[in-house]
Amino acid sequence: MTPQLPEEATKAAPLLELRGVAKHYGSGAHRAPVLEGISLAIGEGEFVAVVGFSGTGKTTLVNLLAGLSTPDAGEVLLRGEPMREPGPDRGVVFQSYALLPWLTVLENVRLAVDAVAGERHRGERELRTKEIVALVGLSHASDKHPRELSGGMRQRVALARALAQDPQILLLDEPLGALDALTRANLQRELAAIALRQRKTVVLVTNDIDEALLLSDRVIPLEPGAAPGEPARIRASFPVAIPRPRDRAALNHDIEFRKLRNELTSHLLALGARRRAGRPIAPPPLPPLEPRVPGQGLPRVVR
Amino acid sequence: MTAHHLEISRLGKTFTTPRGPFVAVEQFDLSLRTGEFVALIGHSGCGKSTVLSMVAGLVPASAGGIILAGKEIDGPGPDRGVVFQSPALLPWLSVIENVLLGVERVFPHGTPAQRRAIAEHHLASVGLGEMLEKLPREISQGERQRVGIARALALAPKLLLLDEPFGMLDSLTRLELQDMLAALLARTGTTALMVTHDVDEALFLADRVAMMTKGPRARVGAVLEVHMPRPRVREAVLEHPDYYGMREELISFLEHQEATPEARAERGLAAIETAASAPDPAQ
């Protein structure tokens with residue numbers, strides 16, 4: 001029998017960790033705190049979803065995890081070491097696809113393959129490029145340019161480019177936010193399959209509770225500040241104890257899923273309400289006037 | 001005097017096309033009681049927005065009729081407030097000036113102070129009491145749609161028409177606006193007809209959900225009564241023992257309207273895919 005590691009031991013070595021991280025933009029009178037006291041440990045192979053309202057620092061969080069920006073306070077650790085810069089071990093996919101418009105699908109992906117495997121034989125790189133294009137289901141569109149693709153297909157190319165680096169960690173910043181519901185559902189399914197098959201550690205940032213519950217092991221609400229101008233924090237975590245990959249139709253019948261969906265929705269809406277409650281203005285009374293239909297011999301507007 | 005506040009009877013719409021007449025809507029019947037909220041769900045392109053446009057008076061009916069508060073509809077009018085997916089605010093006018101535009105047309109007999117009070121009342125009701133003087137570009141997309149709702153209600157309409165009002169918003173903002181709208185309409189008692197393809201949205205807001213068959217010749221195929229008092233508390237709705245059953249009923253109705261996966265793929269449809277079992281190309 002193989003000895004089982006105590007739980008603390010596995011927890012003690014997270015792949016990616018934020019410790020008491022704070023980040024602000026601007027300075028002096030224009031100083032705007034965005035994140036504060038953010039602590040989050042992500043284990044190897046884990047799929048974590050961060051759910052938050054728009055404009056509450058989700059992208060700032062992704063940039064910190066990617067090493068694209070540095071925290072003002074606290075630490076970002078990669079395998080226990082302070083993270084200093086972006087690296088090919090972290091693949092990032094943003095909501096905007098940022099493809100090179102003059103290159104075909106294959107060429108866009110090849111660029112990423114060459115960047116990390118430049119020393120390999122050309123034939124080998126070509127094979128790898130085609131493999132990845134096939135992985136995201138775009139083989140039939142290899143020779144198309146971005147302008148000839150739908151939003152969903154462009155987002156597949158962006159995902160392929162991130163996967164081409166064979167990163168250990170995928171950082172996804174609302175990657176499906178700009179897509180219609182059907183395309184989103186298809187890509188969610190493929191994302192789930194790819195993450196499992198390739199054993200990726202994934203941090204998905206989203207505003208969609210159902211998306212978070214469908215894909216992740218753990219949902220982390222990003223709490224907006226109680227008033228405008230206050231930084232967002234992380235205080236709670238909702239484990240999703242349903243085996244992955246999950247079937248969307250079956251989930252609807254899953255008691256655990258329903259319970260979590262209700263809890264998370266209430267939790268997030270309460271946070272949103274708290275943010276709005278900062279400025280309650282009671283509606284002034286309505287004057288006793290009956291509306292009239294214009295164009296029927298009415299008096300001129302009194303100014 | 002009709003028994004209903006809004007009566008849509010044998011409504012039809014035929015479009016002329018180069019390939020001959022196209023019957024989009026046929027024999028569409030639906031009636032709303034005073035204060036009732038009815039959601040109209042169906043596939044993209046099934047004609048549900050066409051029906052809403054005919055009730056708004058923006059598109060003439062080819063057959064049948066619509067009676068609102070005892071009067072037949074034969075054109076647009078301020079007795080019907082309309083909220084579209086995009087609020088289309090005038091960018092050079094402040095939030096309150098955008099609302100005042102319509103208020104001036106409908107309350108020309110009031111004083112400027114009274115009209116301003118009307119606009120302020122409705123903007124505060126949608127949670128924008130502190131944003132009266134902001135320009136549209138200075139507020140979020142969700143806040144702009146709040147202005148759109150305030151602008152419609154400020155006309156004191158007999159009927160509120162909502163055409164996928166939250167379709168462009170992110171999912172959390174959408175939930176927030178649904179909560180706001182539910183509380184607001186329960187207070188004002190405004191009769192409302194909403195087009196949506198979001199099954200959860202329909203079940204949270206509506207007294208009844210009318211399901212449209214797919215076009216051509218679209219009509220009401222079935223109606224689901226949502227037996228929960230309004231305004232509803234979201235937790236209570238989600239925990240209601242019938243909730244997921246009703247959700248299934250709506251989704252399976254929509255599924256049966258859609259013949260082929262290709263046709264599904266063609267129409268970007270929210271309700272369908274929630275239960276879709278389309279083959280997984282990744283497997």
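These values consider heavy atoms only, across backbone and side chains, with no hydrogens, waters or symmetry-generated copies. The chains referred to below are lettered A, B, ... by the order of the sequence lines, with proteins before strands, and numbering in each begins at 1.
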Audit row: B:L172, A:V51, side chain to side chain contact (heavy atoms under 4.5 Å, CB included) steps and yes/no
CA-CA 9 Å; B:L172 282 178; A:V51 182; 4.2 Å; yes

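- Atoms CG and CD, from A:L286 and B:Q114 in turn, are 10.5 Å apart once rounded to the nearest 0.5 Å.
- Of the two parts of A:E263, neither the backbone nor the side chain holds a non-hydrogen atom closer than 4.5 Å to a non-hydrogen atom of chain B.
- Atom NE2 of A:H140 has more than 12 heavy atoms from other residues, nucleotides or ligands within 6.0 Å.
- Between the B:H121 side chain and the A:P285 main chain, no donor and acceptor come within less than 3.5 Å of each other.
- Chain A forms the most heavy-atom pairs under 4.5 Å with one residue out of B:V103, B:D179, B:L238, and that residue is B:L238.
- Contact of A:L269 with chain B is made through the side chain alone, with heavy-atom distances under 4.5 Å.
- Heavy atoms of B:E248 lying under 4.5 Å from chain A belong exclusively to its side chain.
- In this structure, A:P287 and B:I118 have side chains that are in contact, with non-hydrogen atoms separated by less than 4.5 Å.
- Residue contact with chain B, scored on non-hydrogen atoms closer than 4.5 Å, involves the backbone and the side chain of A:L289 alike.
- Between chain A and the residues B:E120, B:M180, B:R234, B:E176, the most heavy-atom pairs under 4.5 angstrom are made by B:E176.
- Qualifying side chain to side chain contact (heavy atoms under 4.5 Å, CB included) partners for A:E131, counting only residues two or more places apart in sequence or in other chains: A:R128.
- Looking at B:L175 and A:I209, their side chains come closer than 4.5 Å, going by heavy atoms from C-beta outward.
- Heavy-atom minimum distance, A:R261 versus B:R247: NH2-NH2, 3.6 Å.
- Of the atoms belonging to B:D79, not a single heavy atom falls under 4.5 Å from chain A.
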When you look at B:Y243 and A:R258, which way does the side chain to side chain contact (heavy atoms under 4.5 Å, CB included) test go after all the steps?
CA-CA 10 Å; B:Y243 180 75; A:R258 291 182 189 179; over 6 Å; no

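- In this structure, A:N262 and B:E235 have side chains that are not in contact, with every pair of non-hydrogen atoms separated by 4.5 Å or more.
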